[in-house]
Every structure is written in structure tokens, then in C-alpha cells.
2 protein chains.
Amino acid sequence: MKELTKQQTKVLACVEVYLNKTGFPPTRAEICKELGFKSPNAAEMHLRALEKKGYISIQSGSSRGISIVKSQQSFEQTGEQMPVIGLVAAGSPTLAEENIEKRISCDPNMFSDSFDYFLKVKGLSMIEAGIHEDDLVAIKKTTDVKNGDLVVVRLEDEVTLKYFKKTNHSLELIPANKDFSTIEVDLREQEAFVEGKSVGLIRTH
Amino acid sequence: MKELTKQQTKVLACVEVYLNKTGFPPTRAEICKELGFKSPNAAEMHLRALEKKGYISIQSGSSRGISIVKSQQSFEQTGEQMPVIGLVAAGSPTLAEENIEKRISCDPNMFSDSFDYFLKVKGLSMIEAGIHEDDLVAIKKTTDVKNGDLVVVRLEDEVTLKYFKKTNHSLELIPANKDFSTIEVDLREQEAFVEGKSVGLIRTH
DNA sequence: TTATATACTGTAAAAATATACAGTATAAAT
DNA sequence: ATTTATACTGTATATTTTTACAGTATATAA
């Protein structure tokens with residue numbers, strides 16, 4: 001998608017804001033009034049440029065015939081674009097851009113608790129908890145977890161999604177698959193970092 | 001909210017469909033063309049009635065100045081409050097207001113395919129497919145289903161979520177739990193209504 | 001029988017709107 | 001020094017659109 005000039009960005013934002021506020025697109029004159037232009041042709045030219053670059057489409061001959069093709073600020077709508085992070089074998093699931101597989105438009109409060117990102121599940125270790133490969137688990141970044149919570153824990157360079165159980169100096173990371181065994185960590189010997197806990201799950205059929 | 005007449009319902013639906021398709025509301029003339037009226041005043045009168053009853057608001061003097069206040073079919077929007085319907089023992093999962101348990105703010109296009117509502121799962125018949133009690137299954141209203149699809153089917157007054165398999169005159173509704181048995185329907189003897197199919201799932205932990 | 005509400009047709013005019021054309025100004029690129 | 005792209009002003013007009021007004025038809029309620 002082609003880059004927008006500063007003014008084109010403003011005009012696109014103006015159209016989107018107007019649309020959100022009123023439910024229908026603005027006229028050329030209304031865009032001018034909003035952005036301080038004195039000629040409807042100013043708006044017209046920017047709209048044409050936006051159409052040529054594929055951000056909007058214009059229904060010729062129709063009043064207010066503007067529709068948004070590619071929104072600049074789709075996340076400003078009802079829901080946000082929540083990042084999906086692959087559960088890679090090594091490294092922690094950071095929110096750095098390079099780890100984000102894609103984004104999904106949804107409400108961060110759609111589950112009982114808010115969440116920060118989706119973790120894409122690899123493997124079958126939690127299958128008996130109804131968590132399949134490629135399911136997206138909604139993770140809330142926190143270290144405040146209780147026994148029995150489904151948590152994301154990092155050990156050395158490995159990140160896993162397991163049930164959490166802590167007893168004195170020992171931490172158990174319990175899978176939900178009888179073919180897998182519990183990971184036991186002696187906290188006096190090895191560090192374990194709780195990255196967050198699951199507050200929900202989504203799956204595409 | 002006041003009741004709508006049949007024609008008012010049609011006009012409101014027409015506006016919403018147009019809005020979803022084009023991104024902006026229709027003119028009086030376009031409503032007429034769509035619904036077969038021969039005078040723009042026909043549309044005008046219905047719009048006024050819809051405004052008086054609080055379903056839309058009309059920006060006087062503006063072209064296409066219609067905005068939806070209370071949608072008949074809010075599930076058709078984007079980034080909206082998607083209804084959650086309980087899988088009740090009897091009756092079909094209609095979107096009538098009284099069947100909607102709550103609404104969840106999310107994008108109707110968050111899964112591979114768009115969907116119309118969430119169905120709240122009751123029972124354990126699909127547990128081996130990783131579908132638990134109280135999971136919300138995203139349902140797309142369609143009768144276009146293939147063998148192997150996870151579908152919502154109504155038999156008499158009962159609604160179930162099962163895997164779909166059709167062979168000649170027989171329909172099999174297959175559970176994913178070895179403690180449950182397949183429902184077999186002879187379509188020459190009994191009617192079966194496909195309400196829709198699952199395109200995704202969400203669960204709150 | 002007479003209202004009353006619903007549901008339109010048909011026409012017309014005023015207002016809103018898109019959009020073409022002719023310019024001006026400025027900064028960056030060639 | 002000249003072109004090119006961006007970013008406008010200002011005007012004009014054909015077209016679109018709203019919206020008022022005058023009717024017609026039909027079913028239902030009083």
C-alpha cells in the first residue's frame with residue numbers, strides 16, 4: 001500500500017472521524033470546514049489521491065459516496081487490533097513487532113479479565129483442557145498467578161503454557177495430556193519467569 | 001421501543017443492507033428502487049416513521065443523512081456487539097431480543113469467515129473436539145454446509161451442535177464424545193433444519 | 001358511515017453536492 | 001533554471017437529493 005502525504009492522512013482521518021460520529025461520510029465542503037480549506041476542490045483532490053492509493057473508494061455521482069477501504073486507525077473503533085504471538089521454542093513472547101504474526105480486531109475486555117496479546121499454541125500438551133494446536137490463548141501480562149491458573153512461564157529460553165502449581169521451593173508446570181509429564185523446577189537451582197496467565201481462548205474452525 | 005409495521009421493517013433492513021454494502025446510507029430514490037416504490041415520498045414517509053419511533057435519526061438537509069440508532073440486525077455490522085444465545089433445550093436459536101443472554105464486543109470477521117452470533121454450549125457431547133460447556137461457538141447463519149462441518153441443526157424443537165454427515169436420505173449428527181451416540185435422522189420421515197455452522201470458538205478462563 | 005392509519009403515486013422546487021476548469025504558491029528534484 | 005509534485009483558492013454548473021404538497025386506495029376501528 002502506497003504511502004500517504006501528511007495532508008492525505010489528515011483527510012482520511014477526517015472522513016473516518018466524521019463517519020464514526022454521524023454514521024455517514026462527509027461532503028467535500030464538510031471536509032473543508034473541518035480542516036480549514038477554503039475550496040471544495042482541496043478536499044476533492046485529496047480524496048482522489050486517497051482513492052488512487054487504494055485507501056478509499058468513491059462512488060462517482062453519488063453524494064457522500066465515500067467508503068473506507070483501508071482504515072488508518074481501525075483500532076480506534078470498538079475493538080483494538082490485538083497482537084498474535086507465536087509460541088516459539090526459544091525466547092520470551094515479547095510484543096516486539098517482529099514476533100507479531102498478525103493482529104485480530106477484538107475487544108481487550110471480551111473475556112472476564114483484560115488481556116494483552118494472543119499466544120498461538122504449539123503442540124498437544126494441553127489437549128485435555130480443550131486447548132488445541134493453533135488455538136489462540138488470550139494472555140494477560142501479570143506475575144500474580146494462583147495454583148491452578150493456566151500460565152505462560154519461561155524457563156531458560158523456553159516458553160510453555162501449562163497449569164501452575166507452586167509448593168515451597170518447587171514449581172510444577174502441569175500439562176493436560178497423559179502422554180506428557182509434569183515439568184518440575186527447583187527454584188533454588190533454576191529461575192522461572194511467569195510471563196502471564198490465560199484469561200480466554202479463541203479458535204478458528 | 002415501538003413496534004414497526006411490515007413496510008417500516010423492510011425499509012430499515014434496506015437501509016442497513018445498503019449501509020453494509022456501500023459504507024454510506026441510501027437516498028430516498030435508492031430505497032424506492034430497491035423496494036419497488038415509484039415515489040420518493042414513499043421512502044420519505046417510512047423514514048420519518050422510523051425516526052419518530054427511534055430506530056434511525058435523520059440529519060435534516062443533508063443528503064444520505066440517515067444513521068441507525070437501533071439496528072434490527074446489529075449482528076450485521078462490523079466491530080460490533082455480537083449477541084450470545086443460549087443453547088436452550090427447546091426452540092431454535094433465534095436472534096429475538098429475549099433469547100440474547102448478553103453481547104460481546106468483537107469483530108464479526110475475527111475468524112476465517114464472518115459470523116452472526118455466538119451460541120453458548122450446553123453439555124459435554126463435543127468435549128473431544130475441545131468444545132467445553134459454556135464455550136461460545138461463533139455461528140454463521142447458512143444452510144450451505146458440507147460433511148464434517150460443525151453445524152447447528154434443529155430437529156423438532158431441539159437444537160444441537162454436532163458434526164454433519166449427510167448420505168442420501170439419511171442425516172447423521174455425530175458427537176465428539178464416546179459416551180454419546182450419533183443421532184440418525186431419516187429425512188423422509190423427519191425434517192431437519194440447518195441453522196448455521198461454526199466458524200470459531202471463544203472461551204473465558 | 002365516518003374517521004383513522006397505512007401505504008403509496010406523481011410532481012415540483014429549493015437546496016445540497018460533485019466536479020470540472022482556471023489559476024496561485026511553494027518546495028524539492030533534475 | 002526548469003520541471004514536477006504537493007497543496008491549495010475561487011468560480012461555476014450540472015446533477016443529485018431532500019422535501020413539501022396534492023392526490024389515490026385500502027383496511028380497520030369507532
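Just so we're clear, the structure is a prediction, and the values are computed from it rather than from any experiment. Letters A, B, ... mirror the listed sequences (proteins, then strands); counts begin at 1.
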Carboxylate-amine/guanidinium proximity below 4.0 Å for A:Lys197 and A:Asp144: no

Return yes when atom CD of A:Gln190 has more than 12 non-hydrogen atoms of other residues, nucleotides or ligands closer than 6.0 Å, and no otherwise. yes

For A:Thr5 and D:dA7, is the shortest distance between a side-chain N/O and OP1 or OP2 below 4.0 Å? yes

Between C:dA16 and A:Ser63, is there an OP1 or OP2 to side-chain N/O distance shorter than 4.0 Å? no

Measure CD/B:Glu44 against P/C:dT6 and give the value in whole Å, please. 16 Å

Value in whole Å for how far the P atom of C:dG10 lies from CE of B:Met45: 16 Å

Candidate nucleotides D:dC8, C:dC8, C:dT17, ranked by approach to the side chain of A:Gln7 - the nearest: D:dC8

Salt bridge present between B:Glu158 and B:Arg154 (N-O < 4.0 angstrom): no

Length of the line joining A:Leu47:CG and C:dT19:C1', which is rounded to integer Å: 12 Å

Can a salt bridge be assigned to the pair B:Lys122 and B:Asp134 using a cut-off of 4.0 Å between side-chain N and carboxylate O? yes

Counting only non-hydrogen atoms, which of residues 34-43 of chain B are less than 4.0 Å from DNA chain D? B:Pro40, B:Asn41

Charged N-O contact under 4.0 Å between B:Arg64 and B:Glu30: yes

For the side chain of B:Ser62, starting at C-beta, report the closest nucleotide among C:dT19, C:dT17, D:dT18. C:dT17

Starting at the 5' end of DNA chain C and moving along, which residue's nearest nucleotide shows up first, B:Lys6 or A:Gly61? B:Lys6

Nucleotide nearest B:Arg48 when distance is taken to its side chain, options C:dT6, D:dT17, D:dT19: D:dT19

More 5' along DNA chain C: B:Arg64 or B:Cys32, using each one's nearest nucleotide? B:Cys32

Side-chain N or O of A:Arg28 closer than 4.0 Å to phosphate OP1/OP2 of C:dA18: yes

Within this structure, what is the CD1-to-P distance between B:Ile31 and D:dT19, rounded to whole angstrom? 12 Å

Salt bridge between B:Lys140 and B:Asp116, side-chain N to carboxylate O under 4.0 Å? no

I'd like to know if the side chain of B:Glu34 pairs up with that of B:Tyr18 as donor and acceptor (distance under 3.5 Å, no hydrogens or angles considered). no

Please give, in whole Å, the distance from C:dT17 C1' to A:Glu30 CD? 10 Å

Separation of A:Leu50 atom CG from D:dT6 atom P, in whole Å? 12 Å

To the nearest Å, give me how far apart CZ (A:Phe24) and C1' (D:dT17) are. 13 Å

Nearest to the side chain of A:His46, heavy atoms from C-beta on, is which of C:dA7, C:dA18, D:dC8? D:dC8

Between B:Lys33 (NZ) and C:dC8 (P), how many Å, whole number? 19 Å

